[in-house]
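A short worksheet on the structure shown next.
Numbers restart at 1 for each chain; the letters A, B, ... are given by sequence-line order, proteins then strands.
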Amino acid sequence: MSEPRHQALIDALGAELVPVRRLLPPWLRTVGWLALVAAFAALLFAHYGDAPMLRRWAGAPDLAWAAFGAVLTAITAAWAAFTLAVPGRSRAWAWLPLPPALLWIGASGLGCLRTWLAPGPSIVTLHQSADCLVFIIGFSIPLSALLVWLLRRACPLRPLLAALLVGLASAAASACLLEICHAYDAAATDLLTHALAVGIVVAANTAMGGRLLSRH
Amino acid sequence: MQGNRDARRSELPDGITLWDEQPLTADGTLVWDGGFAPSSDYRASVSAEPASANEQAERQRAAWMAAAQAGDRRAYERVLADSVALIRAVARRQGMGVDGLDDVVQETLLTVHRVRHTYDPTRSYDAWLGAIAGRRAIDALRGQGRRGRRELHDDIALDQHPDRDDASMDAERNQQARRLREAIAQLPPGQREAVEQLGLREQSLAEAAAHTGRNTGALKVNLHRALKALRDRLNGDS
C-alpha cells in the first residue's frame with residue numbers, strides 16, 4: 001500500500017475518475033492518417049491522370065523506386081510515431097523508417113547521377129524547383145497538423161523524436177504526391193529541392209512539435 | 001512464458017528492470033559448491049514459481065487498470081496504490097535522491113491519470129508505468145539541476161550577501177508578492193479558485209467545497225496542479 005501522503009492524491013484522482021475510450025492501436029491510427037494522404041492522391045490522379053507518371057517511370061525506373069521508397073517512408077515513419085507515442089514501447093521503433101528512407105534517397109540520387117551523366121532536355125530550372133518546394137511544404141502542413149493532433153491524443157514521452165518522425169512522414173508523403181504531377185525528370189536541383197523541403201518540414205516540426213507535443 | 005517476460009523487459013525504458021528490485025522473484029540458476037548439481041527440472045521449478053507470482057501481480061495490475069479505464073474507481077485506487085513502489089524503484093534507478101522521490105510519485109500519478117486511455121491491457125502495465133515514471137524522474141532531475149545552478153549554498157550566500165537595510169528587503173518582499181499575485185491571476189479559473197480558497201484564505205477542504213460548489217477531490221487536484229504551475233513559473237522567472 002502507498003503511504004498516507006500519496007493516498008490523499010490517489011483518493012482525489014479516484015474521485016475524478018470517468019470512463020475513457022481506449023486509444024486505437026498504432027497501426028489503425030496510421031491507416032487513418034494515410035487515408036488523408038490517399039484522398040489527396042485521388043484528387044491529384046483525378047486532375048492529372050496516371051499516364052504522365054507511368055510514362056516517366058517507364059523511361060527511368062529509378063524514379064519508380066524512389067517513389068516506392070517515399071511511400072514506404074511515409075507509412076513506416078507515421079507508424080513509428082504513433083507507436084512511440086504510447087508509453088512503454090521500444091525506442092527501436094524509431095529505426096523502422098530508415099531502410100525505406102535510404103531507398104528513397106538512394107534512388108533519387110541515382111536519378112540525379114543519371115541526368116548528370118546524360119543530360120536530357122527536361123532539366124528543371126530553379127523556378128520549377130521553387131514550385132516543388134512550395135508544393136511539398138504546402139501539402140506537408142496539413143499532413144503534419146493532422147499527425148500532431150492525433151499524437152497529442154496519445155502521450156509522446158519523447159516529443160522531439162516524435163516531431164522528427166512527423167516531419168519525415170509528412171515530407172515523404174508530400175514527395176509521393178508530387179510524383180503524381182511532377183512533369184520533370186530528377187536532376188541535381190530537383191533532388192536538392194526535395195532535400196531542402198524535407199529539411200524545412202523536419203526542422204519546423206521538430207522546433208514546433210517539441211513544444212506542441214510535450215504537454216504530458 | 002520466458003519469452004513473454006523477456007519481451008516485456010525489453011520494452012522497459014533504458015536500463016530499467018523492475019524485477020531486480022525483488023531478488024526473491026528474480027530468475028536464476030542455483031550454483032552449488034559441492035558435488036550436487038540440481039537437475040534441470042529442479043532449476044526450472046525454482047525459477048518458474050516466483051516468476052509466475054510476479055507475473056500474476058503484474059496481470060492483476062493490468063486487470064485493475066483495464067477496469068479503471070471503464071470507470072471502476074476501486075480498481076483505479078488499488079492500481080495507483082500498487083504503483084507507488086514501482087514508481088519509486090524507477091525513479092531511484094534514474095538517479096533520483098530520496099528527497100525527490102515523492103514529487104516523482106505524485107507527478108507520475110497525475111500523468112497516469114491524464115493518459116490512462118493510452119494503456120493497452122494486452123501489454124505490460126509495468127512497462128507502461130515504468131516509461132512514464134522514468135520520464136517524470138528525468139524531468140525532475142533536470143528541474144533540480146536548473147534550480148541547483150541558480151541557488152547558492154548557505155555559506156557562500158552569507159559571504160556574498162550581507163544583511164541589507166530594511167527598506168531594500170521590504171521592496172524585495174513587495175516585488176515577490178507582486179510576482180506571486182500576477183502568477184496566481186494567470187492560472188486557469190479552477191486552479192486559481194483552489195489557491196485562493198485553500199492557500200490564501202486558509203479555508204478547510206469542506207469549507208472551500210461548500211463555498212465553490214466543487215467536490216473536495218477536484219479541489220485537491222486543482223491545488224496540486226496550481227502549485228506545480230506556480231513553482232514552474234516562479235522558477236522560470238527568477
Side-chain angles (χ1 to χ4, degrees), chain A residues 1-30 79-96 149-163 210-216, chain B residues 7-8 10-14 66 68-85 87-88 102 105-106 109-136 138 215-224:
Chain A
M1 283 300 289
S2 63
E3 303 92 296
R5 56 184 174 277
H6 299 311
Q7 197 55 51
L9 178 62
I10 290 170
D11 291 344
L13 294 175
E16 263 198 357
L17 185 72
V18 287
V20 286
R21 201 159 60 94
R22 219 169 271 152
L23 205 63
L24 291 172
W27 70 268
L28 207 55
R29 308 185 80 216
T30 309
W79 192 8
F82 282 123
T83 303
L84 287 173
V86 178
R89 305 302 292 265
S90 168
R91 200 191 302 191
W93 275 90
W95 295 105
L96 187 67
W149 182 73
L150 289 170
L151 287 175
R152 278 170 67 90
R153 278 267 304 141
C155 177
L157 293 173
R158 302 181 191 95
L160 280 180
L161 182 59
R211 282 195 297 277
L212 281 176
L213 294 164
S214 63
R215 68 179 182 143
H216 295 298
Chain B
R8 279 205 287 272
S10 70
E11 299 274 318
L12 287 170
D14 301 334
Q69 288 176 322
D72 183 338
R73 179 175 173 178
R74 181 183 284 263
Y76 189 46
E77 290 178 357
R78 276 185 182 168
V79 74
L80 291 184
D82 215 35
S83 300
V84 170
I87 299 168
R88 295 174 75 95
D102 285 335
V105 169
Q106 302 237 335
L109 292 177
L110 284 166
T111 306
V112 163
H113 185 68
R114 277 196 300 272
V115 305
R116 61 191 185 279
H117 65 287
T118 66
Y119 174 61
D120 175 357
T122 62
R123 303 189 74 86
S124 160
Y125 173 78
D126 289 3
W128 180 80
L129 178 73
I132 297 172
R135 176 49 57 179
R136 290 292 89 106
I138 290 169
N215 67 38
T216 54
L219 279 169
K220 275 193 271 190
V221 172
N222 275 337
L223 180 65
H224 185 88

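For the residue pair Val18(A) and Arg116(B), the shortest heavy atom distance occurs at O-NH2, 2.9 Å. The two atoms that bring Arg135(B) and Leu157(A) nearest to each other are NE-O, 3.1 Å, heavy atoms only. Taking each heavy atom of Ala131(B) and Gly88(A) in turn, the nearest pair found is CB-N, 3.2 Å.
Only the side chain of Val86(A) comes within contact range of chain B, judged by heavy atoms closer than 4.5 Å. In this structure, chain A has no heavy atom under 4.5 Å from any part of Ala85(B). Only the backbone of Arg21(A) has a heavy atom closer than 4.5 Å to any heavy atom of chain B.
Top candidate by heavy-atom pairs under 4.5 Å with chain A, chosen from Thr118(B), Leu109(B), Leu219(B), Val112(B), is Thr118(B). Chain B forms the most heavy-atom pairs under 4.5 Å with one residue out of Pro87(A), Ala12(A), Ala15(A), and that residue is Pro87(A). Chain A forms more heavy-atom pairs under 4.5 Å with one residue of Pro121(B), Ala66(B), Ala218(B), Ala68(B) than with any other, namely Pro121(B).
Rounding to the nearest 0.5 Å places CZ of Arg74(B) at 13.5 Å from CG of Leu17(A). Between the SG atom in Cys155(A) and the NE2 atom in His117(B) there is a gap of 8.0 Å [rounded to 0.5 Å]. Between the CG atom in Asp120(B) and the CZ atom in Arg89(A) there is a gap of 7.5 Å [rounded to 0.5 Å]. Interatomic distance, Arg22(A) CZ to Tyr119(B) OH, rounded to the nearest 0.5 Å: 9.0 Å.
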Please walk me through it: do Leu9(A) and Leu110(B) pass side-chain contact (heavy atoms from CB on, under 4.5 Å)?
CA-CA 9 Å; Leu9(A) 178 62; Leu110(B) 284 166; 4.2 Å; yes
Run the side-chain contact (heavy atoms from CB on, under 4.5 Å) test on Glu16(A) and Lys220(B) for me, step by step, so that the C-alpha distance in whole Å, both residues' side-chain angles and the decisive distance to 0.1 Å come before the verdict.
CA-CA 10 Å; Glu16(A) 263 198 357; Lys220(B) 275 193 271 190; over 6 Å; no
